[in-house]
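In what follows, chains carry the letters A, B, and so on, assigned in the order in which the sequence lines appear, proteins first and then strands, with residues in each chain numbered from 1.
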Number of protein chains: 2
Amino acid sequence: MSEISRNGVSGGGQPGRIGIGLELDDIHLKILEVLRENGRISVAALAERVGISRANAYTRFEALRADGAIKRFTAEIDHLRAGLGITALIFVTVRQQMWKQFRAELARMPEVEYCAITTGQHDAMIQVRVSDVAAVHSMVTDRLANIPAVKATETVFILDEVLRRPYVLPSDRDAARDRSRQQRRPAQEAQGDVPLGKMRFVGAAEGRAALRKDD
Amino acid sequence: MSEISRNGVSGGGQPGRIGIGLELDDIHLKILEVLRENGRISVAALAERVGISRANAYTRFEALRADGAIKRFTAEIDHLRAGLGITALIFVTVRQQMWKQFRAELARMPEVEYCAITTGQHDAMIQVRVSDVAAVHSMVTDRLANIPAVKATETVFILDEVLRRPYVLPSDRDAARDRSRQQRRPAQEAQGDVPLGKMRFVGAAEGRAALRKDD
DNA sequence: GTTGAAATTAGTACGAA
DNA sequence: TTCGTACTAATTTCAAC
């Protein structure tokens, strides 16, 4: 239902400030940190937790919304309680130059919670939530297979969701860096004794060639 | 940071009510629907949008929270603005009976936004957000590879996030069913003319055997 | 960027339908 | 259960510092 911002792999670096928009300082990040944990906190309480005045908190709060740094506030629902106990990932190979059609069809499938375009063997990954396993089957064979843009799919089930953080922020990363610095050997040394063979990075070209049977 | 509820593939069916807890009626679902779009709406405004009294809305709101149907409220942050423009998926093969260790290590990696245990070729999928591509590399080769529980990884980059719905609810599914009923031929007939060969379901056993080189 | 006081709104309690 | 109202507490706005 909502298009979300592009994550170009091309534009690496420059943390803290990308494109036009608000310059985010430490207090902004602190506000985001509180808000992602408790989206319903009052601005007054937020001001206190962050250590600034209420008026300041209101100004910054509004600025973050207007700037788009905060995209929206949402309630996290327990899917099991809501009757959608089955979660699956469907990896989709899309016929090139039919992306537009694929996207349009996705928008018409409400059981799709998330869709990302990826490098690697497949072109897209979609996550669906349904009430039973049969619904996954019918989703894939009935709905997805009938989209001409879809060349092939591969489905796996999610057995358990171990972790879901509301949204990751740079401050977390910094905190982790500080934490690990005290008990970790230097990066170069550490990288040296890693069995590199077991780690594999899959670029778009490499993986796709392997799967290209038809077309 | 937060363990979330299990999605047993075993328990199919019985939509709307699973396990002990609140019986969710249409008004409950309507409340959830409003709240997932606007997590900061006042209960008064919520009552009006759902068409119930303020007092009733407070009661139901509290019941939903107490029951756990609403897990939490959160702000969705624009990662690009927050300086985390790179997103990657890392598929991890975990040494059996080392899950506990794997989970513990995950909790210490703040760049991990999501982790799910899956069927198929790999055992888990983790989604990470970092500031640049180099950070993905160091994350995989430096941090993940040093966890004994990790047998192998496969990394793909997310080029674009097409869709993110706050959380899918059964009401969406019903709406879609009603929509498609009017312009779709019966399911049996539709399934008959699908080229089934291009669709693949990957169970845990099948896929895992293919990747088991060492161990 | 801060504080404090007015206006508004949110949350609670309780009796009636 | 749900609704309506009255009451209390809190939040937001706005002004002066």
Side-chain angles (χ1 to χ4, degrees), chain A residues 16-17 20-78 81-83 166 169-171, chain B residues 14-77 81-83 166 169-171 174:
Chain A
R17 172 91 163 71
I20 52 165
L22 196 64
E23 185 93 34
L24 299 183
D25 60 23
D26 286 353
I27 292 170
H28 283 119
L29 291 177
K30 224 168 170 181
I31 291 173
L32 294 177
E33 210 168 308
V34 172
L35 248 25
R36 72 174 184 172
E37 278 166 25
N38 181 5
R40 270 184 90 84
I41 194 173
S42 72
V43 182
L46 176 69
E48 198 184 14
R49 283 194 54 180
V50 175
I52 55 174
S53 70
R54 279 155 297 157
N56 192 354
Y58 277 104
T59 309
R60 286 166 175 274
F61 182 87
E62 257 320 302
L64 286 168
R65 291 202 89 170
D67 180 64
I70 298 171
K71 289 195 288 195
R72 65 180 155 193
F73 292 94
T74 186
E76 286 190 9
I77 310 298
D78 187 319
R81 291 268 157 76
L169 291 176
S171 47
Chain B
Q14 211 126 348
R17 171 88 164 74
I18 287 132
I20 52 163
L22 195 64
E23 184 96 32
L24 300 183
D25 59 25
D26 286 353
I27 293 170
H28 284 117
L29 291 177
K30 223 168 171 181
I31 290 173
L32 294 179
E33 210 167 305
V34 173
L35 248 26
R36 74 174 184 171
E37 279 166 24
N38 181 4
R40 271 185 90 84
I41 194 173
S42 73
V43 182
L46 176 68
E48 197 183 15
R49 283 193 57 179
V50 174
I52 55 174
S53 71
R54 265 183 355 126
N56 193 357
Y58 275 107
T59 308
R60 285 167 174 274
F61 182 87
E62 254 321 300
L64 286 168
R65 290 202 90 172
D67 180 64
I70 298 171
K71 290 194 288 194
R72 65 180 155 191
F73 292 94
T74 184
E76 285 190 9
I77 311 298
R81 291 267 160 73
L169 291 176
S171 47
D174 298 341

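- Two residues are said to be in side-chain contact when any heavy atoms from C-beta on lie closer than 4.5 Å; A/I52 and A/K30 fail this criterion.
- One interatomic measurement links the two molecules: CZ of B/F61 to P of C/dG11, which rounds to 8 Å at whole-angstrom precision.
- A straight line from CZ of A/R60 to C1' of C/dT2 spans 13 Å, rounded to a whole angstrom.
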Check the interface with nucleotides 11-13 of chain D: list each N/O to N/O pair with the protein under 3.5 Å, or write none.
{"unit_1": "D/dT11", "atom_1": "OP1", "unit_2": "A/S42", "atom_2": "OG", "d": "3.2"}
{"unit_1": "D/dT12", "atom_1": "OP2", "unit_2": "A/V43", "atom_2": "N", "d": "3.1"}
{"unit_1": "D/dT12", "atom_1": "OP2", "unit_2": "A/A44", "atom_2": "N", "d": "3.3"}
{"unit_1": "D/dT12", "atom_1": "OP2", "unit_2": "A/Y58", "atom_2": "OH", "d": "2.4"}
{"unit_1": "D/dT12", "atom_1": "O5'", "unit_2": "A/Y58", "atom_2": "OH", "d": "2.2"}

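- Side-chain contact between B/V43 and B/E62 is absent, with no heavy atoms from C-beta onward closer than 4.5 Å.
- The side-chain heavy atoms of A/R72 and B/E37, taken from C-beta on, include no pair separated by under 4.5 Å.
- As a whole-Å value, the separation of B/N56 CG from C/dG11 P is 15 Å.
- Summarising the geometry, the separation between NE2 on A/H28 and C1' on C/dG1 is reported as 13 Å, rounded to the nearest angstrom.
- Between A/L64 and B/I77 the shortest side-chain heavy-atom distance does not fall below 4.5 Å.
- Atom CD of A/E48 and atom C1' of C/dT2 are 15 Å apart (whole Å).
- Without hydrogens or angle criteria, A/R81 side chain to B/D67 main chain gives a donor-acceptor distance under 3.5 Å.
- Within the 3.5 Å criterion, the main-chain N or O of B/G39 finds a donor-acceptor partner in the side chain of A/R40.
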